[in-house]
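By convention in this document, chain letters (A, B, ...) are assigned in the order of the sequence lines, proteins followed by strands, and residues within each chain are numbered from 1. Remember, it's a predicted structure, so these values are computed and weren't measured experimentally.
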Amino acid sequence: MKTLADHYDAHAAALRYYPEWEAGGVFHADPAAAGEPYCIVIPPPNVTGNLHMGHALNNTLQDVLIRYKRMDGYNVLWLPGTDHAGIATQWVVERQLRAQGIERRDLGREKFLECVWEWKDHSGGNIVRQLKRLGVSCDWSRERFTMDEGLSRAVRENFVRLYEEGLIYRATRLINWDPIGLTALSDLEVETEENVQGEIWSFAYPLADGSGEIVVATTRPETMLGDTAVAVHPEDPRYAHLIGRFVQHPFVDRLIPIVGDAILVDMAFGSGAVKVTPAHDFNDHEVGVRHNLPMISIFTNDGKVNENGGIYAGLDRFEARKRVKADLSALGLFRGRQDHVMTLPRSQRSGAVVEPMISTQWFMRMKPLATPAVGAVEHGFTTFWPDQWKNTYFSWLRDVKDWCISRQLWWGHRIPAWHCAACGHVTVGRADPTECSKCGSADLKQDEDVLDTWFSSALWPFSTLGWPEHSADLARWYPTSVLMTGFDIIFFWVARMMFMGLHHMGQVPFKDVYIHGLIRDEHGDKMSKTKGNVVDPVEAIDRVGVDAFRMTLTALAGLGRDILWSEKQVDSWSRFVNKVWNAYRFTHMHVTERPAAEAPPLGLYDRWILARLGTCVRNVREALDGYRFDLAASEIYAFTWYEFCDWYIEFSKSALYGEDGPAKTAARYTLWTVFHALARLIHPIMPFFGEELWRELPGNEHAGTGMIQPYPRAGDFPGDPAVLREVGYLQEAIIAVRRIRSEKNLASKVPLVAVNAGVLTGMYAGQAAALKALANVSVTTGERPAQAAVVVVAGEELWVNLEGVLDTSKERERLEKEIEKLDKSISFLQSRLGNEAFVAKAPPHLLAKSRAELQGEVDKRASLQAALLAL
RNA sequence: UGGCACGUAGCUCAGUGGAAGAGCACCGCCUUGACACGGCGGUGGUCGCCGGUUCAAUCCCGGCCGUGCCAACCA
């Protein structure tokens with residue numbers, strides 16, 4: 001007999017099996033292999049990042065699917081990789097250099113990039129090592145990086161094609177500017193800070209002809225330096241006559257027109273007049289465009305007032321605000337202030353207050369790209385899980401503005417455009433040009449900017465598979481099967497992959513998009529460093545083992561729900577590993593070799609547990625197919641714990657501890673068979689544990705790894721309804737007896753005897769051993785034996801009656817109410833359908849609970865109660 | 001302001017147009033030869049509120065209240 005350790009050693013298993021799997025090439029995908037393709041391309045983590053709980057969830061769930069499909073015979077590829085994460089990475093390195101007193105600009109572009117690459121090489125392997133500790137079965141031979149050679153080529157190809165198609169263009173626009181990061185930002189990289197305490201500050205512009213004034217209000221008084229209009233509603237009786245006249249700017253020599261604009265101005269708000277700063281406000285900018293106003297920039301890139309700000313030039317934005325207010329007040333133009341709660345746009349990365357600035361940037365034309373991306377989801381080529389996220393996707397794409405793709409950074413894909421010093425023409429090409437494509441001048445200078453980091457991410461599902469080459473991988477695995485990610489990057493990433501995939505490949509990049517929730521702490525708060533409630537997944541793995549850790553994540557991953565992570569949950573789900581291990585040890589005590597392939601004649605309980613196993617397998621598959629990870633986990637948990645351990649193992653003991661014979665053979669076969677399936681069934685969720693169970697299963701010494709065994713099929717374990725019914729009744733009988741015991745305070749060693757209990761003596765005589773073993777109740781006929789401590793009431797259908805023993809009047813009331821309700825339903829359905837159709841169609845419990853039966857039950861319970869009290 | 005979710009046992013969550021479920025917590029009993037990281041039994045819920053549809057609603061529909069998220073935001 002093989003002795004197993006008291007406890008499963010998750011760490012030892014991980015150390016042993018992962019290298020074996022890698023060395024054995026079982027993660028490796030072959031496009032020529034058989035099977036329906038199944039592919040996931042990993043959402044690439046930041047190359048210099050560390051594994052956090054979000055990654056842990058994201059990758060555990062992907063691995064569950066990947067392993068399930070791989071075992072199920074699909075030709076599976078899980079392609080891993082990392083992202084260069086433009087601003088984020090540059091920011092980290094800049095900060096490190098600054099700590100050494102080195103500024104990026106002093107270093108120069110070349111040197112700085114060397115530093116970034118160094119940093120990437122130094123800390124870039126971390127996240128991959130941590131992913132491996134999770135047990136993820138990626139094909140590491142295909143690992144990619146957004147700035148590797150192939151992907152850089154894809155980025156360039158994409159840029160050139162879109163440029164040639166007129167979908168990428170250069171223009172001077174009002175854009176979001178980060179005055180600390182010194183770069184343009186896309187709309188998405190701007191975050192709004194809520195509930196900022198601010199003020200609305202009012203002041204007057206004197207009319208140029210001295211005939212009066214017009215009062216405007218603003219949260220940013222300093223922007224008045226760039227005002228080029230005052231807008232009023234054209235139908236406002238207070239101001240309509242002023243349209244076309246001018247006010248005098250108090251600080252700069254400028255006459256400002258009063259314009260009528262019904263779109264911007266709300267007559268009912270404030271004074272009904274609005275100052276217009278077209279160069280530093282998006283709404284005002286539109287007014288400027290509509291009325292052909294001058295757009296005067298008043299800020300430098302680092303957020304100081306420029307030469308257009310007259311005497312304020314050189315002041316920081318916020319300093320200028322104070323001075324402008326003071327000076328306006330001094331001129332007697334201040335007209336009041338009130339507190340105002342507002343929102344503030346901040347750079348996602350640097351935290352700087354974003355300044356809208358007029359700037360020349362590269363843009364991607366979105367309308368022609370977005371329309372097919374909307375259609376693809378509308379027509380079901382891609383499905384969101386849960387479904388409601390498609391609304392988020394639609395609402396953004398339907399209203400999307402052109403995407404500012406250039407960044408004034410150094411870390412990233414440099415824009416493949418060359419400016420001609422001679423004629424100003426821009427040459428864009430797949431190869432670096434030597435001369436201007438217009439005038440032929442060789443005096444070319446490459447554009448200084450790099451592309452938004454999401455520009456390369458948008459190509460990820462096909463660039464990683466080899467695009468723009470027509471690779472075998474691309475042909476085999478595009479479109480991919482599912483994209484798994486968080487809701488926060490539906491805009492940033494999902495939508496962009498959709499339109500780029502559709503544009504270049506003519507097909508959606510993935511058939512399903514699974515959106516998982518956020519991992520929060522046990523109180524439902526977001527994890528954050530400042531709150532100190534961040535859970536480190538690596539620490540959690542060290543503590544409970546990777547299998548238990550993954551089981552917890554999987555079990556908590558409900559569709560469309562955030563996860564509240566707590567040690568309690570982890571401990572609770574971890575215990576499952578121990579429970580299974582002990583059942584496994586029990587099996588090893590009784591089963592030392594692989595049973596004959598042909599099943600021996602099986603007993604009632606053997607057939608029962610195998611039927612339940614079949615149901616479990618079906619439910620697990622259904623759950624996984626519908627991305628219900630939580631249900632898959634709890635299905636396995638419930639079957640194993642409550643049916644296999646609590647019932648089957650107890651049932652099987654009398655055979656296993658009894659004499660050799662068919663019953664023992666059958667029980668051994670059954671134990672082995674359950675674990676043979678269970679080892680595979682749990683594998684996707686708990687791969688190391690599953691592998692250990694598989695390898696240590698008697699007779700599996702040469703069976704190879706469990707991770708490529710066929711996933712169990714429900715059809716392998718057919719069920720017989722009669723068997724399920726019989727065992728169901730038996731369980732009820734046992735439960736009822738136990739309950740009496742507990743209520744009457746009878747120790748389990750006190751033997752009970754059931755006399756003339758029809759159900760037990762007749763139908764279930766064959767299960768007497770189980771009744772004795774599990775409830776210590778013997779079944780007999782005839783007189784009440786004197787030696788029995790208590791005689792359980794005899795009669796028909798004892799299993800029901802026993803339950804009735806504990807009836808209270810409350811229970812009786814409930815039953816009577818139910819009778820009333822059912823009575824009505826039954827008579828209605830009978831009169832409408834006719835009795836025969838009713839019997840054929842009505843749900844079983846309606847039939848069973850006909851009035852007479854229920855009434856009989858109520859009566860019976862009452863009399864039983866009386867009988868019992870009399871004992 | 002708009003959109004989307006959510007509201008089921010003390011807590012975290014499943015669930016269904018036809019007899020309310022799990023885990024944790026709690027209360028008893030039990031160290032029985034896989035497991036005390038265990039076993040057995042139990043307490044606990046007008047399934048947010050109000051209407052409607054239906055023979056029947058926790059489930060479908062409408063309204064309301066509460067919570068969360070996303071998006072737009074008024075100078």
- Task: Let me know the distance between CG of Asp525(A) and P of U12(B), rounded to the nearest Å.
- Result: 12 Å
- Query: Counting only side-chain N and O atoms of Tyr642(A), is one of them less than 4.0 Å from OP1 or OP2 of G23(B)?
  - Reply: yes
- Report which part of the nucleic acid Asn283(A) touches: base, sugar-phosphate, or nothing (heavy-atom distance under 4.0 Å, all strands). sugar-phosphate
- Roughly, in whole Å, what's the span from CD in Glu286(A) to P in A72(B)? 13 Å
- Single hit among His340(A), Lys325(A), Gln338(A) for side chain to side chain donor-acceptor pair (under 3.5 Å) with Glu199(A): Lys325(A)
- Name the nucleic acid region contacted by Asp646(A), choosing base, sugar-phosphate or nothing; use a 4.0 angstrom heavy-atom cut-off, strictly under. sugar-phosphate
- For the pair made of CZ in Arg741(A) and C1' in G42(B), what is the distance, rounded to whole Å? 16 Å
- Query: How close or far is atom C1' of A71(B) from atom CZ of Phe491(A), stated in whole angstroms?
  - Reply: 7 Å
- Task: Look at Arg561(A) and C69(B) and indicate whether a side-chain polar atom (N or O) is within less than 4.0 Å of OP1 or OP2.
- Result: no
- Task: Could you walk me through whether Tyr605(A) and Trp647(A) pass the ring-ring contact (aromatic ring centres under 6.0 Å, His included) test, one step at a time?
- Result: CA-CA 9 Å; Tyr605(A) 313 121; Trp647(A) 287 102; 9.6 Å; no
- Could you tell me whether the phosphate oxygens of G39(B), OP1 or OP2, come under 4.0 Å of any side-chain nitrogen or oxygen in Trp641(A)? yes
- Task: Measure from CD on Gln569(A) to C1' on C13(B) and round the result to the nearest Å.
- Result: 8 Å
- Task: For Arg520(A) and for Arg628(A), find the nucleotide of RNA chain B with the closest heavy atom, then tell me which residue's nucleotide is more 5'.
- Result: Arg628(A)
- Quick one: is Arg585(A) getting a side-chain N or O under 4.0 Å of the C35(B) phosphate, OP1 or OP2? no
- Quick one: His7(A) NE2 to C35(B) C1', roughly how many Å, whole number? 9 Å
- Message: For C35(B), does the base pair up with any side-chain atom of Lys579(A) as donor and acceptor (N or O, under 3.5 Å, distance only)?
- Response: yes
- Task: With C1' as the reference atom in both, quote the distance from C6(B) to G52(B) in angstrom, rounded to an integer.
- Result: 23 Å
- Query: Quick one: does Thr343(A) reach the base of C73(B) with a side-chain donor-acceptor pair under 3.5 Å?
  - Reply: yes
- Starting at atom CZ of Phe282(A), determine the distance to atom C1' of A71(B), rounded to an integer number of angstrom. 16 Å
- Same-atom distance (P) from G45(B) to G21(B), integer angstrom: 14 Å
- Query: Hey, does the side chain of Arg739(A) come within less than 4.0 Å of G41(B)'s phosphate (OP1/OP2), counting only N and O?
  - Reply: no
